[in-house]
Amino acid sequence: TYNWTAATDTARGKVLLVHGWSGGALSMMRCVEPLRKAGFDITAIDLPAHGKSEGWQLTMPKAGRAILTTATQLGPFSAALTHSYGGPCIALSLEGRPTLDQKLTLDRVATIAAPDTLKDIIIHFGRVYGLSAQLVRYLKRHSEELAKRPLYQVSTGAFLGRAGIRALILHDRNDDYIKVSHAERIVAKAPAATLLVTHHLGHRNSIMTPDVIKSAARFLTTTPTANS
């Protein structure tokens with residue numbers, strides 16, 4: 001876990017940074033200074049089995065519990081900024097039950113390159129790593145057991161929609177890892193979410209691009225109104 005204080009005299013809140021699959025807290029470093037200058041204290045975590053965290057396996061429930069533990073110990077957080085797999089993990093944390101025993105409370109969340117459904121993630125994972133159809137079926141069944149619901153219900157958009165949270169969904173049109181259609185589906189399911197599409201950045205470069213991070217920071221610093 002890494003912590004930074006706001007670069008302003010007083011902090012307007014605290015932002016939690018949540019990395020993606022195979023990443024780590026330090027992969028979110030480009031986000032730190034824009035958020036500090038915007039007046040936020042910041043915490044970045046290593047999810048289980050990533051970075052300096054212990055473990056050999058990462059699942060959405062394990063990530064959700066790690067996020068909730070961090071919120072209990074270092075929060076409260078006013079907002080979160082996520083990349084890739086960190087998006088559905090924070091969204092699950094916002095929903096809480098039935099998968100988790102408690103839920104996270106935030107004012108806003110910004111996701112970058114987030115996938116929507118876990119089913120699609122597993123299918124893509126199987127294709128990329130050449131997994132057998134039998135193993136992919138096992139991963140689907142196991143994921144349903146962990147989520148305590150059918151796989152099609154494990155959806156970032158559905159979680160955000162039920163939480164009713166204001167969200168900015170940033171996604172690049174040329175992301176060849178998580179297609180932009182994921183972002184479009186998220187926004188369709190979450191009435192309080194707004195879609196911002198970038199171009200020619202791809203999946204990993206999005207989290208390292210200043211204009212993307214500045215857009216997220218502007219959204220997180222906007223004063224909430226009745227219609228925002």
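Note that the structure is a prediction, hence the values are computed from the model and not measured.
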### Message
Within the structure provided, determine whether Thr43 and Thr1 are in side-chain contact (heavy-atom separation under 4.5 Å).
### Response
yes
### Message
Do Ile67 and Cys89 have side chains that approach each other closer than 4.5 Å (heavy atoms only, starting at C-beta)?
### Response
yes
### Query
Does Glu144 come within less than 4.0 Å of Arg141, counting only side-chain N to carboxylate O?
no
### Query
Heavy-atom distance under 4.5 Å between the side chains of Tyr85 and His50, does that happen here?
no
### Query
Does anything in residues 13-24 pair up under side-chain hydrogen bond (donor to acceptor under 3.5 Å, both in side chains), and if so which pairs, sequence neighbours excluded?
none
### Query
Would you call Thr222 and Arg108 a side-chain contact if the rule is heavy atoms closer than 4.5 Å?
yes
### Query
Hey, are Asp120 and Lys179 close enough for a salt bridge, meaning a charged N less than 4.0 Å from a carboxylate O?
no
### Query
Is it the case that one hydrophobic cluster holds both Tyr152 and Ile123, taking links as side-chain heavy atoms less than 4.5 Å apart, direct or via other members?
no
### Query
Between Glu184 and Arg173, is the closest basic N to carboxylate O distance under 4.0 Å?
yes
### Message
Are Val32 and Phe77 connected into the same hydrophobic cluster when the rule is that any two of I, L, V, M, F, W, Y join if their side-chain heavy atoms are below 4.5 Å apart?
### Response
no
### Task
Flag the pair Ile207 / Cys31 as yes when at least one side-chain heavy-atom distance between them is below 4.5 Å, and no otherwise.
yes
### Query
Quick one: are Ser215 and Leu196 in side-chain contact, heavy atoms under 4.5 Å?
yes
### Task
State which residues pass side chain to side chain donor-acceptor pair (under 3.5 Å) with Thr198; sequence neighbours excluded, sorted by chain then number.
Asp172
### Query
Do Phe40 and Thr221 have side-chain heavy atoms sitting under 4.5 Å apart?
yes
